[in-house]
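So the structure is just underneath, and the comments pick up after that.
We use all heavy atoms of the structure for the numbers below, so side chains are in, but hydrogens, waters and symmetry mates are not.
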Amino acid sequence: MATTPNDTTGAPKAVLLLSGGLDSTTMLALARSEGYDVHALTFRYGQRHAHEVEAARRVARRHGVTRHQVVDIDLATFGGSALTSEDVAVPKDRPAAEIATGVPVTYVPARNTIFLSFALAWAEVLRAADIFIGVNALDYSGYPDCRPEFVDAFERLANLATAAAVEGRTRIRIRAPLLRLTKREIIELGTRLGVDYAMTTSCYDPSPSGEACGHCDACQLRLRGFAEGGGHDPARYREPVYQHDHAMPE
């Protein structure tokens with residue numbers, strides 16, 4: 001289902017992967033500040049909850065995207081991740097050193113490759129040269145498809161696999177502006193751009209009403225980012241969290 005609240009004809013077009021989370025929302029605000037005519041792409045991919053899709057809708061409206069497309073695919077058919085399989089528990093309260101080591105069970109096999117492939121198809125139809133993805137190589141949870149090598153490799157693939165690139169009409173760029181920023185730096189950037197982080201959701205295991213658990217890897221990274229910046233996370237949590245306790249020692 002798509003919504004088309006705005007038309008910014010004349011601006012450079014871009015396709016942007018929008019999850020409704022902290023990173024992709026910051027990236028959307030950045031793309032809009034750079035003058036892009038943003039076409040946002042969100043997936044219902046068989047994840048355990050729908051809160052992130054609803055958050056993406058809110059964020060897309062707030063930041064005036066030209067079109068917001070929500071696409072249904074079913075990665076739960078394959079399983080292999082705590083985010084798509086009810087029988088795989090979401091890890092909680094892992095130490096920071098453990099979060100930064102190895103590939104966790106919340107990794108969804110080939111998810112970013114699949115998402116970027118859809119974005120590439122839409123970009124070619126739109127004649128858009130830029131595809132935005134909010135991957136991060138510093139505060140990421142060990143996902144192999146959040147690394148600079150992955151982004152560079154997919155850009156090379158995009159320019160081999162599309163008629164627009166092969167015929168010399170459009171050279172595709174995979175934009176990952178948050179790639180080398182810490183969570184604190186991402187939050188500070190978004191704050192300067194006017195992002196309302198209360199609209200976003202990051203939790204891997206929220207309550208039925210959307211309250212964050214405060215204990216999964218995503219919640220811990222988010223809380224740490226706010227704490228290190230001296231700010232307060234406006235997200236709703238299932239139980240009180242002492243946000244200053246999540247800051248890393250200097």
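Residues Glu124 and Ala163 come closest through the heavy atom pair OE2-N, 2.8 Å. Considering every non-hydrogen atom in both Val53 and Gln47, the closest pair reads CG2-NE2, 3.9 Å. Pairing each heavy atom of Ala31 with each of Leu16, the nearest pair is CB-CD1, 4.0 Å. What you find for Thr182 and Glu185 is that their closest heavy atoms are N-OE1, 2.9 Å. For the pair Ile186 and Thr26, the tightest heavy-atom approach, listed with the atom from each and the gap, is O-CG2, 3.5 Å. Residues Met199 and Arg58 approach most closely at O-NH2, 3.0 Å, considering heavy atoms.
Remark: side-chain polar atoms of Thr170 are not paired, donor with acceptor, to backbone N or O of Arg127 under 3.5 angstrom. A distance-only check finds no donor-acceptor pair linking the side chain of Gln220 to the backbone of Ala96 [under 3.5 Å]. Checked by atom type and distance alone, the side chain of Asn136 pairs as donor or acceptor with a backbone atom of Leu178 at under 3.5 Å. Judged by distance alone, the side chain of Arg111 and the main-chain N or O of Val108 form no donor-acceptor pair under 3.5 Å.
Note: the hydrophobic cluster containing Val88 does not contain Tyr45 (ILVMFWY, side chain heavy atoms under 4.5 Å, direct or indirect links). Both Leu179 and Val15 are members of a single hydrophobic cluster when ILVMFWY side chains are connected at heavy-atom separations under 4.5 Å. Val151 and Leu160 fall into different hydrophobic clusters, defined by Ile, Leu, Val, Met, Phe, Trp and Tyr side-chain heavy atoms under 4.5 Å apart, directly or through other members. At a threshold of 4.5 Å between side-chain heavy atoms, the hydrophobic network of Ile, Leu, Val, Met, Phe, Trp and Tyr places Val105 and Leu221 in two separate groups. Residue Val125 is not grouped with residue Ile131 when hydrophobic side chains (ILVMFWY) are merged at heavy-atom distances under 4.5 angstrom, including chains of intermediate members.
For the atom pair CZ (Arg156) and CD1 (Ile172), the distance works out to 15.5 Å, reported to the nearest 0.5 Å. Atom-to-atom distance recorded for Trp122:CH2 and Ser117:OG is 15.5 Å, nearest 0.5 angstrom. Atom OH of residue Tyr237 and atom SG of residue Cys203 lie 8.0 Å apart, to the nearest 0.5 angstrom. How far CG of Leu189 is from OG of Ser33: 7.5 Å, rounded to the nearest 0.5 Å. Between the CZ atom of Phe226 and the NE2 atom of His232 there is a distance of 9.0 Å, given to the nearest 0.5 Å.
Atom CZ of Arg169 has more than 12 neighbouring heavy atoms from other residues, nucleotides or ligands inside a 6.0 Å radius.
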So Asp37 and His39, side chain to side chain contact (heavy atoms under 4.5 Å, CB included) or not? Walk me through it.
-> CA-CA 7 Å; Asp37 171 10; His39 294 64; 3.5 Å; yes
Stepwise side chain to side chain contact (heavy atoms under 4.5 Å, CB included) check, Phe150 with Glu155 | CA-CA 9 Å; Phe150 169 76; Glu155 181 172 292; over 6 Å; no
Go through Asn112 and Ile133 one step at a time and tell me if the side chain to side chain contact (heavy atoms under 4.5 Å, CB included) criterion holds.
-> CA-CA 9 Å; Asn112 283 345; Ile133 181 170; 4.1 Å; yes
Intermediate values then yes/no, side chain to side chain contact (heavy atoms under 4.5 Å, CB included), Arg67 and Gln69 = CA-CA 6 Å; Arg67 184 175 181 183; Gln69 188 76 40; 3.0 Å; yes
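Each of Val135, Leu41, Leu17 was scored for a side chain to side chain contact (heavy atoms under 4.5 Å, CB included) with Leu116, with one residue passing: Leu17.
Look at Arg94 and Asp217 and you find a salt bridge, because one of the NZ, NE, NH1 or NH2 atoms lies within 4.0 Å of a carboxylate O, short of that distance.
Donor-acceptor pairing under 3.5 Å is lacking for the side chains of Arg238 and Ser207. Inspection of the Thr200 and Thr25 side chains reveals no N or O donor paired with an N or O acceptor under 3.5 Å. In the model, Thr191 has no side-chain atom that pairs as donor or acceptor with a side-chain atom of Tyr197 under 3.5 Å. His215 and Glu239 share a side-chain donor-acceptor pair at under 3.5 Å.
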